[in-house]
Amino acid sequence: MGKDRKDGFEEWDGYMNAKITKLEEQFSKASDPFRQTELFKGISIYVNGHTNPSADELKRIMMVHSGVFHHYERSHTTFIIASNLPDVKIRNMNTSKIISPQWVVDCVSAQKIVDYSKYLLYTNQSTSQPKITFQKVEKDDEPKASNVSSIMRDLAELNAKMKETKPDISPEPKQSGSAMTAVDPKFLSEFYNNSRLHHIATLGAGFKKYVSDLRDKHNGDFPDRQKLKEILPKSEIFVKNGQTVMHIDMDCFFVSVGLRKRPHLRGKPVAVTHSKGKSEHVPLKDGVNREKEMDLFVKKIEKKAQDNVKASNINSFSDKSSLSEVASCSYEARAKGVKNGMFMGLAMKLCPGIQAIPYDFEAYKEVAETLYNTVAQYTLNIEAVSCDEMFVDLTDLLNDVETTPMDFVTALRNEVKEKTGCPCSAGVGSNRLQARMATKKAKPDGQFHLLKENVEEYFQNIAIKELPGVGSSTSYTLNELNWKTCGDLQTVSLYKIQAEFGKKFGETLHQFCRGIDNRPLVYGQIRKSVSAEVNYGIRFKENAECETFLKQLCVEVHARLMDIKRKGKCITLKVMVRAPEAPVETSKFMGHGVCDNQTKSVSLTEFTCDLEVITRTVLSTMRSLNIPPHELRGIGIQITKLNEEAPSKKDSVLMNMFSKVAEKQKDKPLKPKETVVEVDKKSEEKSIKGMFSKMSESTKIKSEEEKKPKTKKKNQPTGNIMGMLQNMPSRKRTSDYLVPDDIDESVLAELPEDIRREILQARSDQQKSIEERVKARITKSVKDKKEEIEEIQEEEQEPNIFLQKDNCRILLAWMQSCDEPDSYDVELIIKNAIDLITRKESHEIYDPIAFMCR
DNA sequence: ATCCTCCCCTAC
DNA sequence: TAAGGTAGGGGAGGAT
């Protein structure tokens, strides 16, 4: 992402500032009992721009040492940490507190607050030239009175005193090497800094949020489309051609990014890995028994997965080659059989000339940001999959620009390549599955449009294990059954597939092998859990060490919970324990070896985001598991049953909702779409008629199972407006969540917290049930779409909202139930409005609309 | 029936 | 040496 923490990725809306302060207060209070040291007590930092250590790292350091990390500069921020800042930026800043990140590092290693004046980035005398001083700072430990404020001096003294009285604080390691095991206080941040999987997960989540934020802020205009209109040839084939989905994916992402700085390696077999890839053999610790571990591993997985990577990796267990994993390899290496996830030792055997290149996480982020921004110029109907991969609904865009998918994709890919220096591939189809499978064919550095008329034939020949969702375990079972291609699977009955793979997944397979995929693109996913786990370097001798680490991990997971501004009700501890027969020393350095896993969850009575509660729960859960600390090989903490997303400011809820409705109506006049394959009830992009035409279109692909409507929960309140209408009369506690018209601001402020929670929880059930019912309806063959609509309305006895007695209250409750309106609630309102208009009763609409505006 | 907990599987 | 994370979907089986 950008060099500046204030860019979209990090930005919090201005009105959240008060909230931030509150959270920070809660945070420091809550975390008190578990502070590692009080080193930075009373000190707060704000990180501006890219630094080393990174902002995340600095945040972690501050957390552990009682400091405060500000996401924004505030008046009371003690220091601004930066490496260098552009002139324009510092012009309006108080440069006397901008210091190098090295200060933090040096304070930690000296275990005291060191004189910060030597770390000042700018000597504030008129010059705007940054004076980068941190490179040659000599560690002068004694703060000098002339250079340090009295507060700082006090702090330093305080810290010195505290150290005397707290001899148990483990000293920072003297050796300059890295943190070896989880006992080391630096271990956690060092591990996370180097973990590719951690980065992949974090970046992925970051871009999901990024896209979602972009959508929230967007005004509905895409000026850059003009550019496309000029360049691209006009076409009319796109029109009335149903939904068009693109899947775009960078080619061997980490390698491509790494090659930008290493052009001499282009065209050669390259692998991104921690291993240097130089020596044939790696040193082994005493007690390592690769053969034995390999046997156990084979035994463990023999009944399940033996995907290619795992199976072939087993071979390299038997020698002394590197067990560092290949995160990404070039196509030249793949040609020799090298795969992602493979051990480097094996990769070197398969491909003797393979070049190892190191990770560059900052660069991945930067390239990914460019990719996202490039696509976002033209549309925000983006579902982020990961940092280098996304689905994009092109339907709108193509209709607007009046061009063909392939022309657009060509232009887009060229632009991405030009801006990032990295190739990407894209597939286009009429649903996500088709788009994704098209990308497979397109790779590397290509594009492919899977046309509707070719879908059937195309899928016939695809191996089932190529389908998304089919991994090593499923592949194994498929193999046993001798079901190889989608063509094979098409001849198997739904019932039989479900008998093998379960109800849901069986159904998915049954559809996927035909190229059918009804899952809509999801633009703003709501998080359901937060977790942090470490299954590397876990080697404890005593319980105390284990508990210290657990506390650190709690700090971590707590920080992540705070980051998404949610609370949770269920805390799960996951542990990996050395399998009884497994060697104590693992083959892989600091790896977990062969383990048995266990999870234990605790449901709390209240939602919490309190570090103390989390820590207490986790520690007691760990004690209850009664595992000898030296047998632990992995630890994870997960928080689930999250409460609703933090409510936005009232006004902005209303504004938000109305701007979205307005945007939608502007973009999508109520013109029917002729043919649409996807059932996409969540998408905001569909017109009502389009939605219904889709339903009848997809009639033929519905399975038997879907015909059974889920029974509706009658007693649940709901954020769904249709549900509210239906539940209104019979509900006793109606007044608990439906707020009177004239309610004042303070009451409003009280209400949402628990009511929203209740409503939202029920809403998802309600949505499901409605979805089921709609699906059930559409399985009937219908000749006339209008009849179908009327039939649904009649059978459901769906009341017209504008004709309800309490319509204003219903609307208010609905608006408070979520940040943005569900598309089909909006559709319902539009539908009801149209209904009234056609019945010439449009006067009924006026009051509710006026109310909503008010 | 439905929910809850403890898994397993998959994807990146 | 090496950095084996994270989130979501869903099934089995017991509790309610």
Side-chain angles (χ1 to χ4, degrees), chain A residues 177-182 187-205 207-208 249-250 253-254 273-276 279 281-285 288 304-305 307 313 320-325 327-328 340-341 343-345 359 384-390 436 467-477 498 501-508 519 522 525-538 556-557 560 570 572 574 576 586-593 595-603 633-634 636-641 710-711 713 765:
Chain A
S178 54
M180 300 294 261
T181 76
F187 174 84
L188 196 57
S189 62
E190 189 142 325
F191 170 70
Y192 277 138
N193 265 335
N194 288 296
S195 162
R196 75 181 196 282
L197 291 171
H198 170 74
H199 280 94
I200 289 170
T202 316
L203 283 179
F207 280 103
K208 283 178 189 186
D249 189 358
M250 304 298 288
F253 185 50
F254 287 8
T273 161
H274 284 296
S275 155
K276 304 272 182 296
S279 62
H281 297 296
V282 298
L284 293 185
K285 245 183 154 184
V288 169
K304 304 184 252 164
D307 66 45
N313 265 339
K320 292 180 176 180
S321 60
S322 167
L323 297 184
S324 171
E325 281 175 27
S328 175
N340 290 352
F343 292 139
M344 190 54 186
Y359 291 90
V385 176
S386 71
C387 62
D388 75 323
E389 184 186 344
M390 69 188 95
R436 180 166 231 143
L467 294 174
V470 177
S472 52
S473 186
T474 310
S475 294
Y476 182 81
T477 314
Q498 287 180 322
F501 296 103
K503 189 174 172 298
K504 277 282 191 151
F505 189 49
E507 190 188 320
T508 305
R519 299 164 308 161
V522 179
Q525 263 256 8
I526 297 165
R527 277 276 278 279
K528 291 175 177 163
S529 70
V530 174
S531 69
E533 69 183 276
V534 177
N535 302 309
Y536 176 85
I538 303 293
E556 179 65 37
V557 82
R560 293 181 191 184
C570 183
T572 306
K574 173 186 174 244
M576 295 184 84
T586 56
S587 298
K588 195 188 183 95
F589 177 72
M590 285 299 135
H592 55 57
C595 285
D596 295 322
N597 296 351
Q598 265 186 82
T599 62
K600 176 103 184 105
S601 47
V602 176
S603 274
R633 292 291 181 271
I637 300 166
Q638 187 187 32
I639 303 194
T640 49
K641 293 184 192 160
K710 236 181 177 173
T711 46
K713 292 188 79 177
D765 297 334

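Proteins get letters first, then strands, A, B, ... in listed order; numbering begins at 1 in each.
- For the OP1/OP2 pair of dT10(B) and a distance below 4.0 Å, the side-chain nitrogens and oxygens of Ser472(A) include at least one atom meeting the criterion.
- A straight line from CG of Leu467(A) to C1' of dT10(B) spans 13 Å, rounded to a whole angstrom.
- Counting any heavy atom pair closer than 4.0 Å across all strands shown, Asn193(A) reaches no nucleic acid atom.
- Thr202(A) contributes a side-chain N or O that, together with a main-chain N or O of His198(A), makes up a donor-acceptor pair within less than 3.5 Å.
- Residue Ile538(A) contributes atom CD1, which lies 15 Å from atom P of dA3(C) at whole-angstrom precision.
- Ser473(A) has no side-chain polar atom (N or O) that falls below the 4.0 Å cut-off from OP1 or OP2 of dC8(B).
- The nearest whole Å value for the distance from the CG atom in Asn194(A) to the C1' atom in dT1(C) is 13 Å.
- Rounded to whole Å, atom P of dT5(B) lies 9 Å from atom NZ of Lys600(A).
- Residue Thr474(A) has a polar side-chain atom (N or O) positioned under 4.0 Å from OP1 or OP2 of dT10(B).
- A tilted orientation is assigned to the rings of His274(A) and Tyr359(A), their planes being inclined by 30° to 60°.
- When atom types are taken as modelled, the side chain of Lys588(A) and the backbone of Leu323(A) share a donor-acceptor pair closer than 3.5 angstrom.
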Show the numbers, then the answer: is there a side chain to side chain donor-acceptor pair (under 3.5 Å) between Ser324(A) and Thr273(A)?
CA-CA 7 Å; Ser324(A) 171; Thr273(A) 161; 2.7 Å; yes
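- Residues satisfying the side chain to side chain donor-acceptor pair (under 3.5 Å) test with Ser328(A), not counting sequence neighbours, are none.
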Quick tally for nucleotides 5-15 of chain C: nucleotides whose base has a protein heavy atom under 4.0 Å get B, sugar-phosphate-only ones S, the rest -, giving BBSSSSS----
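- Counting any heavy atom pair closer than 4.0 Å across all strands shown, Gly591(A) reaches a base atom.
- The nearest whole Å value for the distance from the CZ atom in Phe187(A) to the P atom in dA3(C) is 11 Å.
- Separating the NZ atom of Lys588(A) from the P atom of dA2(C) is a distance of 7 Å, rounded to the nearest angstrom.
- Taking atom CD of Gln598(A) as the reference point, atom P of dC8(B) lies 11 Å away to the nearest angstrom.
- Minimum atom distance to the side chain of Ser322(A) is reached by dA2(C), of the listed dC12(B), dA2(C), dC7(B).
- Atom CG of Asn340(A) and atom P of dT10(B) are 17 Å apart (whole Å).
- The distance from the CG atom of Asn597(A) to the CG atom of Asn535(A) is 7.5 Å, given to the nearest 0.5 Å.
- Within the structure, a side-chain polar atom (N or O) of Ser603(A) is placed less than 4.0 Å from OP1 or OP2 of dT5(B).
- One distance of note links CD of Glu533(A) with CD of Glu556(A); it measures 12.5 Å at 0.5 Å rounding.
- Contact annotation for Lys641(A): backbone-only contact, meaning every heavy-atom pair under 4.0 Å involves sugar-phosphate atoms and none involves a base.
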